[in-house]
Amino acid sequence: MKAYESYREKVESRHNKDLKEVMKELYIEEDLGPSVSAKKLGMTRQAFMYFVHEYDLKKLKFGKYKKKMMIFRGRQTAQ
């Protein structure tokens, strides 16, 4: 637990933002996977996934994905 907090502090001080916002940018907006995102932030994948679960980011990421797929399917049936 303490190791994860050190990752939080490092990322927040480097980016001058809350860790959750930085992770949203990489993991959701840029649609990067956990390994690539973790590497960019300088943390282990395990620590990154800890914060994904803590901030409930999977719901946000895959909720957007599900919405995109529904729009895509709707366009296909309209053609």
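Residues: numbered from 1 along the sequence shown. It should be emphasised that the depicted structure is a prediction, and the values quoted were computed from it without experimental measurement.
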>> Can you tell me how far apart CG (Leu19) and CG (Leu41) are? Round to the nearest 0.5 Å.
In response: 7.0 Å

> Among all residues two or more places apart in sequence or in another chain, which pass the side chain to side chain donor-acceptor pair (under 3.5 Å) test with Tyr55?
Replying inline: Arg8

> Going by an N to O cut-off under 4.0 Å, is there a salt bridge joining Glu25 and Lys17?
Replying inline: yes

> Residues two or more places apart in sequence or in another chain: which of them pass salt bridge (charged side-chain N to carboxylate O under 4.0 Å, His left out) with Glu30?
Replying inline: none

>> Would you compute the distance between atom NZ of Lys40 and atom OH of Tyr27 and round it to the nearest 0.5 angstrom?
In response: 15.5 Å

> What is the minimum heavy-atom distance between Lys61 and Leu32, and which atoms define it?
Replying inline: NZ-O, 3.0 Å

>> Does His15 form a side-chain contact (heavy atoms from CB on, under 4.5 Å) with Lys10? I'd like the steps, not just the answer.
In response: CA-CA 9 Å; His15 293 274; Lys10 287 179 189 177; over 6 Å; no

> If you look at every heavy atom in Ala38 and Thr44, which pair is closest and at what distance?
Replying inline: CB-O, 3.6 Å

> Atom CD in Glu54, atom CE in Met23: separation rounded to 0.5 Å?
Replying inline: 9.0 Å

> Hey, what do you get for CD (Glu29) to CG (Leu60), rounding to the nearest 0.5 Å?
Replying inline: 10.5 Å

>> Here's a test for you: under side chain to side chain contact (heavy atoms under 4.5 Å, CB included), which of Tyr50, Tyr4, Phe51 qualifies with Met43?
In response: Phe51

